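Let me begin by presenting the structure, written as structure tokens, before commenting on it.
Because the structure is a prediction, the values reported are computed rather than measured.
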Amino acid sequence: QVQLVESGGGSVQPGGSLRLSCAASGLTLDFYAIAWFRQAPGKAREGISCISSSDDSTYYEDSVKGRFTISRDTAKNTAYLQMNSLKPEDTAVYYCAADRRALGPTVLCSYFSGTYSPTYWGQGTQVTVSS
């Protein structure tokens, strides 16, 4: 059974940091392009950061560039999203997703603005940034 399980969300003050984890079971993340996407109430889904399966090239949406870092740990079969300098507008439910196709990170992240369904995705973790 394939599972992606996100963790690490929570409540933090503006300027704070969180590290989200996406633990995979039933699949080897190394063979998948990975995405972190988020959805806030009343807002469109956003693909905010993606990493390719071929060369680990990365993409960041403009609003998070320079603040967020995506990575994967092969040994732990886990992907991460390090989030620094958090802002109230980062408040959302954050999801990780995996796609088996050899997609570049920019293309993968762009899919989330449409009706795209990843091969696998997790249940999400809430991030709230508030003073």
Side-chain angles (χ1 to χ4, degrees):
Q1 181 183 358
V2 173
Q3 277 192 309
L4 296 178
V5 179
E6 300 96 338
S7 62
S11 295
V12 65
Q13 292 187 337
S17 297
L18 288 171
R19 187 176 80 155
L20 305 184
S21 299
C22 173
S25 58
L27 76 162
T28 301
L29 277 184
D30 262 7
F31 300 144
Y32 288 76
I34 298 166
W36 285 95
F37 67 99
R38 66 187 180 188
Q39 181 121 48
K43 294 187 178 180
R45 186 177 63 172
E46 295 181 280
I48 56 169
S49 185
C50 294
I51 186 168
S52 74
S53 58
S54 57
D55 60 3
D56 278 356
S57 55
T58 57
Y59 165 84
Y60 298 94
E61 196 266 336
D62 284 347
S63 68
V64 307
K65 198 175 296 182
R67 301 187 297 123
F68 291 11
T69 303
I70 189 172
S71 62
R72 69 169 97 215
D73 185 322
T74 299
K76 295 183 179 179
N77 206 27
T78 299
Y80 301 97
L81 185 68
Q82 177 68 42
M83 307 188 296
N84 298 328
S85 302
L86 283 161
K87 303 175 180 180
E89 51 263 44
D90 294 318
T91 296
V93 179
Y94 284 70
Y95 302 84
C96 67
D99 194 302
R100 190 62 180 89
R101 295 171 292 174
L103 298 172
T106 304
V107 170
L108 175 59
C109 269
S110 72
Y111 283 176
F112 287 91
S113 61
T115 59
Y116 163 70
S117 289
T119 310
Y120 304 108
W121 65 94
Q123 82 290 347
T125 185
Q126 175 71 47
V127 172
T128 302
V129 185
S130 173
S131 54

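Cluster membership check: L4 shares its hydrophobic cluster with V127, using side-chain heavy-atom separations under 4.5 Å among Ile, Leu, Val, Met, Phe, Trp and Tyr. Under the 4.5 Å side-chain heavy-atom criterion for grouping Ile, Leu, Val, Met, Phe, Trp and Tyr, V5 is not connected to W121 through any hydrophobic cluster. Hydrophobic cluster membership is shared by V64 and V12, with clusters built from Ile, Leu, Val, Met, Phe, Trp and Tyr side chains linked at under 4.5 angstrom.
With hydrogens and angles disregarded, no donor-acceptor distance shorter than 3.5 Å links the side chain of D73 to the backbone of T78. Here the side chain of Y59 pairs no donor or acceptor atom with the backbone of V107 at under 3.5 angstrom. With R72 contributing its side chain and L29 its backbone, the two residues share a donor-acceptor pair below 3.5 Å. Side-chain atoms of Q39 come within 3.5 Å of backbone atoms of K43 as a donor-acceptor pair (strictly under, hydrogens ignored). Q123 contributes a side-chain N or O that, together with a main-chain N or O of E6, makes up a donor-acceptor pair within less than 3.5 Å. For N77 (side chain) and S25 (main-chain N/O), no donor-acceptor pair under 3.5 Å exists by modelled atom type. Between the side chain of S21 and the main chain of S7, no donor-acceptor pair closer than 3.5 Å is present. S53 contributes no side-chain N or O that, together with a main-chain N or O of A102, makes up a donor-acceptor pair within less than 3.5 Å.
In this structure, CG on L27 lies 5.0 Å from OH on Y32, to the nearest 0.5 angstrom. Taken to the nearest 0.5 Å, the CH2 atom of W36 stands 12.0 Å off from the SG atom of C109. Taking OH of Y80 as the start and CD1 of I51 as the end, the distance is 12.5 Å to the nearest 0.5 Å. A distance of 10.5 Å separates OG in S49 from NZ in K65, rounded to the nearest 0.5 Å. Distance check, rounded to the nearest 0.5 Å: CG of L81 to CD1 of I48 gives 5.0 Å. One distance of note links CG of L18 with CZ of F68; it measures 9.0 Å at 0.5 Å rounding.
In plain terms, the two heavy atoms of V93 and G124 that are nearest each other are CG1-CA, 3.9 Å. Nearest heavy-atom pair across S52 and L103 is CB-O, 3.7 Å. Smallest separation of non-hydrogen atoms from I70 and Y60: N-OH, 2.9 Å. When all heavy atoms of P118 and F112 are compared, the pair lying nearest together is CG-CE2, 3.9 Å.
In summary, of the residues considered (K87, Q82, M83), a side chain to side chain contact (heavy atoms under 4.5 Å, CB included) with R67 occurs for K87 alone. Remark: of the listed residues P14, S130, S131, P14 is the sole one forming a side chain to side chain contact (heavy atoms under 4.5 Å, CB included) with P88.
Using a 4.5 Å heavy-atom cutoff, the side chains of Q126 and T91 are in contact. Here the side chains of T119 and V2 are not in contact, with every heavy-atom distance at 4.5 Å or above.
Within the structure, salt bridge (Lys or Arg N to Asp or Glu O under 4.0 Å) pairs that include any residue of residues 31-42 comprise R38-E46, R38-D90 (at least two apart or interchain).
No side-chain N or O of D99 forms a donor-acceptor pair with one of Y111 less than 3.5 Å apart.
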The test is side chain to side chain donor-acceptor pair (under 3.5 Å); show your working for T28 and D30 and say whether it passes. CA-CA 5 Å; T28 301; D30 262 7; over 6 Å; no
